[in-house]
Amino acid sequence: MDLIGIHHLTAVSARIRDNYQFYTKVLGLRLVKRSVNQDDVSAYHLFYSGDRRGAPGNDLTFFDWNVPSERRGTHSITRTYLRVHGAQALAWWDKWLTEQGVLHTETAVIDGRATIFFDDPEGQRLALIDDGGTAEPGGPKEPLNAWEKSSVPAEFQIRGEGPIQLSVPKLDYTAAVLTEVLNMRLVRQYPHPQRLSDTIYVFEMGQGGAGAELHVAEQPDLPPAQPGAGSVHHVAFRTTMAEYNDWLQRLRSYKIPNSGEVDRFWFRSIYFREPNGILFEIATDEPGFGVDEDIDTLGEKVVLAPFLEPQREEIVANLKPID
């Protein structure tokens, strides 16, 4: 069994209206699902995507929680890379971010890829990278489903997520889970670009490529992170419905505590923590966000999983407007 790549990443915002403006207007992503946290229906769960359908590997999602800002540290997911295609795209983004007042680094080659670092308004650490021309793991070289109403021209739009960067105090146990349980491969290492004394280890899954990599920094001298606004809640990895139960049995065979089967309606999930406490999810590609909405109108109204529909009136009444 091989995981395919990054499925989605879920982070935390305490300013969800500002969050919506930044990710749709500045980053040009489409809001493909306007829903609520199924475990805490008082909070939005917003799904943004560079693909108009919200295809797996493209989704950056946020919980709307009124919490203080995170305290950065280890035992955490520390940066989300977003993929674009080519030097011309990065040059456009350099100019665009400047025009939008977003502080960012100059383009630099890191781990062999041209990269721009920047933060969102709440300190969520992001990066843009040249993905080398692959829209998704094993996918076509050109984005086939660009968002036509994006603020970003189609040729420069964000094409998906990955790599995802983690920080752990000790690599060994995390590496064992990644390689022995999840069948990832340790393929290279490089100096941490902001802390040259630290090393980042690159693990890849499936067919490899930027959208199928975890970059794990070993940082024993950092304090543990304190979750909050601007932090990442979890990262999800792609699988197929056909292999979903196999992954569940595999985790059980290694006696790894996990959530068991969780039906999120748009995909099925399994949650578990790696040895340094970072929350992982294995999520299916199927059935997708089009199962309950027309693709042309994704994200325009609050959509609830069927088991929450009886509570719709109460849930929607408690949500703040974001448009």
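Ring to ring, Phe156 and His85 are not that close: their centroids are 6.0 angstrom or more apart.
With hydrogens and angles disregarded, no donor-acceptor distance shorter than 3.5 Å links the side chain of Ser13 to the backbone of Phe62. In this structure, the side chain of Ser35 engages the main chain of Val303 through a donor-acceptor pair within 3.5 Å. Remark: side-chain polar atoms of Asn258 are paired, donor with acceptor, to backbone N or O of Ile256 under 3.5 angstrom. Without hydrogens or angle criteria, Glu286 side chain to Met241 main chain gives a donor-acceptor distance under 3.5 Å. Judged by distance alone, with hydrogens and angles left aside, the side-chain atoms of Glu261 form no donor-acceptor pair with the main-chain N or O of Ser269 at under 3.5 Å. Listed for the Tyr254 side chain is a donor-acceptor partner under 3.5 Å among the backbone atoms of Glu180. A donor-acceptor pair under 3.5 Å is absent between the side-chain atoms of Trp266 and the main chain of Lys33, judged by distance alone. Under the 3.5 Å distance criterion, the side-chain polar atoms of Glu122 are matched with a main-chain donor or acceptor of Arg15. At least one donor-acceptor pair under 3.5 Å links the side chain of Arg312 to the backbone N or O of Val302. Put simply, the side chain of Glu274 gets close to the backbone of Gly277: a donor and an acceptor are under 3.5 Å apart.
Of the options Leu166, Leu171, Thr174, a side chain to side chain contact (heavy atoms under 4.5 Å, CB included) to Asn276 is made by Thr174 and by none of the others. Just one of Arg264, His233, His234 meets the side-chain hydrogen bond (donor to acceptor under 3.5 Å, both in side chains) condition when paired with Glu281; it is His234.
To the nearest 0.5 Å, the span separating CG on Asp119 from CZ on Arg125 amounts to 7.5 Å. From Asp59, atom CG reaches atom OG1 of Thr10 across 9.0 Å, with rounding to the nearest 0.5 Å. Distance check, rounded to the nearest 0.5 Å: CG of Leu319 to CD1 of Ile322 gives 9.0 Å. One finds the CZ atom of Arg72 at 10.5 Å from the OG atom of Ser231 (value rounded to the nearest 0.5 Å). Once rounded to the nearest 0.5 Å, the distance linking CH2 of Trp96 with CG of Leu128 reads 13.0 Å. To the nearest 0.5 Å, atoms CD1 (Ile4) and CD1 (Ile6) are separated by 11.5 Å.
With salt bridges taken as basic N to acidic carboxylate O contacts below 4.0 Å, none links Arg53 and Asp296. Under a 4.0 Å N-O distance rule, the pair Arg34/Glu293 does not qualify as a salt bridge. Here Arg30 does not pair with Asp51 in a salt bridge; the nearest charged N to carboxylate O distance is not below 4.0 Å. Between Arg238 and Asp285 there is a salt bridge, with a side-chain nitrogen of the basic residue lying less than 4.0 Å from a carboxylate oxygen of the acidic one.
Trp247 and Phe272 fall within the same hydrophobic cluster, defined by Ile, Leu, Val, Met, Phe, Trp and Tyr side-chain heavy atoms under 4.5 Å apart, directly or through other members. Hydrophobic clustering (side-chain heavy atoms under 4.5 Å, transitive across Ile, Leu, Val, Met, Phe, Trp, Tyr) groups Leu9 together with Val216. Note on Val262 and Phe265: separate hydrophobic clusters, where clusters join Ile, Leu, Val, Met, Phe, Trp and Tyr whose side-chain heavy atoms are under 4.5 Å apart, directly or indirectly. Cluster annotation: Leu248 and Tyr271 are assigned to distinct hydrophobic clusters (Ile/Leu/Val/Met/Phe/Trp/Tyr, side-chain heavy-atom contacts under 4.5 Å, transitive).
Within the 4.5 Å cutoff, side-chain heavy atoms of Ile77 are placed close to those of Ile164. Looking only at side-chain heavy atoms (C-beta outward), Ile158 and Trp93 come within less than 4.5 Å of each other.
For Asn245, the CG atom sits in a packed shell: over 12 heavy atoms of surrounding residues, nucleotides or ligands are nearer than 6.0 Å. Around atom CD of Gln194, more than 12 heavy atoms belonging to other residues, nucleotides or ligands sit under 6.0 Å away. Counting heavy atoms of neighbouring residues, nucleotides and ligands inside a 6.0 Å radius, atom CD of Glu99 exceeds 12 of them. Shown here is Glu313, whose CD atom has no more than 12 heavy atoms of other residues, nucleotides or ligands within 6.0 Å. Glu106 CD: 12 or fewer foreign heavy atoms inside a 6.0 Å radius.
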**Request:** Run the numbers on Gln219 and Ser167 for side chain to side chain donor-acceptor pair (under 3.5 Å), then give the verdict.
**Result:** CA-CA 6 Å; Gln219 300 181 295; Ser167 172; 2.6 Å; yes
- [ ] Just do the side-chain contact (heavy atoms from CB on, under 4.5 Å) check on Trp92 and Glu155 with the steps written out, would you?
- [x] CA-CA 10 Å; Trp92 184 91; Glu155 65 269 29; over 6 Å; no
Begin from the C-alpha positions of Asp131 and Tyr81 and carry the test side chain to side chain donor-acceptor pair (under 3.5 Å) through to its verdict. CA-CA 10 Å; Asp131 68 3; Tyr81 287 74; over 6 Å; no
- Hey, mind stepping through Asp94 and His104 against side chain to side chain donor-acceptor pair (under 3.5 Å) and telling me if it holds? CA-CA 8 Å; Asp94 181 35; His104 60 284; 2.6 Å; yes
| Intermediate values then yes/no, side-chain contact (heavy atoms from CB on, under 4.5 Å), Arg250 and Asn183 | CA-CA 11 Å; Arg250 186 170 181 83; Asn183 292 336; 3.3 Å; yes
- Are Glu213 and Arg185 close enough, and set up right, to give a salt bridge (charged side-chain N to carboxylate O under 4.0 Å, His left out), and what steps lead you there? CA-CA 9 Å; Glu213 291 179 358; Arg185 305 173 296 277; over 6 Å; no
Q) Could you walk me through whether Ile315 and Leu308 pass the side-chain contact (heavy atoms from CB on, under 4.5 Å) check? A) CA-CA 9 Å; Ile315 289 172; Leu308 292 175; 4.3 Å; yes
Practice item. Evaluate the criterion side-chain contact (heavy atoms from CB on, under 4.5 Å) for residue pair Leu182 and Met205; output intermediate values, then yes/no. Key: CA-CA 8 Å; Leu182 299 182; Met205 62 198 97; over 6 Å; no
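Identified under the ring pair (Phe, Tyr, Trp, His ring centres under 6.0 Å) test for residues 192-227, with sequence neighbours left out: Tyr190-His215. Pairs engaging residues 295-323 under the ring pair (Phe, Tyr, Trp, His ring centres under 6.0 Å) rule: none recorded [sequence neighbours left out].
Side-chain contact of Asn58 with Tyr48: a donor-acceptor pair under 3.5 Å is absent, judged by distance alone. Checking Asp323 against Tyr20 by side-chain atom types alone, a donor-acceptor pair falls below 3.5 Å.
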Show me the donor-acceptor pairs within less than 3.5 Å that the side chains of residues 40-47 make with the rest of the protein, sequence neighbours left out.
{"residue": "Asp40", "atom": "OD1", "partner": "Ser42", "partner atom": "N", "Å": "3.4"}
{"residue": "Asp40", "atom": "OD1", "partner": "Ser42", "partner atom": "OG", "Å": "2.6"}
{"residue": "Asp40", "atom": "OD2", "partner": "Trp65", "partner atom": "NE1", "Å": "3.1"}
{"residue": "Tyr44", "atom": "OH", "partner": "Lys320", "partner atom": "O", "Å": "2.4"}
{"residue": "His45", "atom": "NE2", "partner": "Thr61", "partner atom": "OG1", "Å": "2.8"}

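Between Phe280 and Phe237, the ring planes lie perpendicular to each other; the angle is over 60°, past the 30° to 60° tilted range.
The cationic group of Arg52 does not satisfy the cation-pi geometry with Trp147, failing either the under 6.0 Å distance to the six-membered ring centre or the 45° limit from the ring axis.
The two residues Ala210 and Ile129 come nearest to each other via the heavy atoms CB-CD1, 3.8 Å. Pairing each heavy atom of Pro193 with each of Ile200, the nearest pair is CD-CD1, 3.9 Å.
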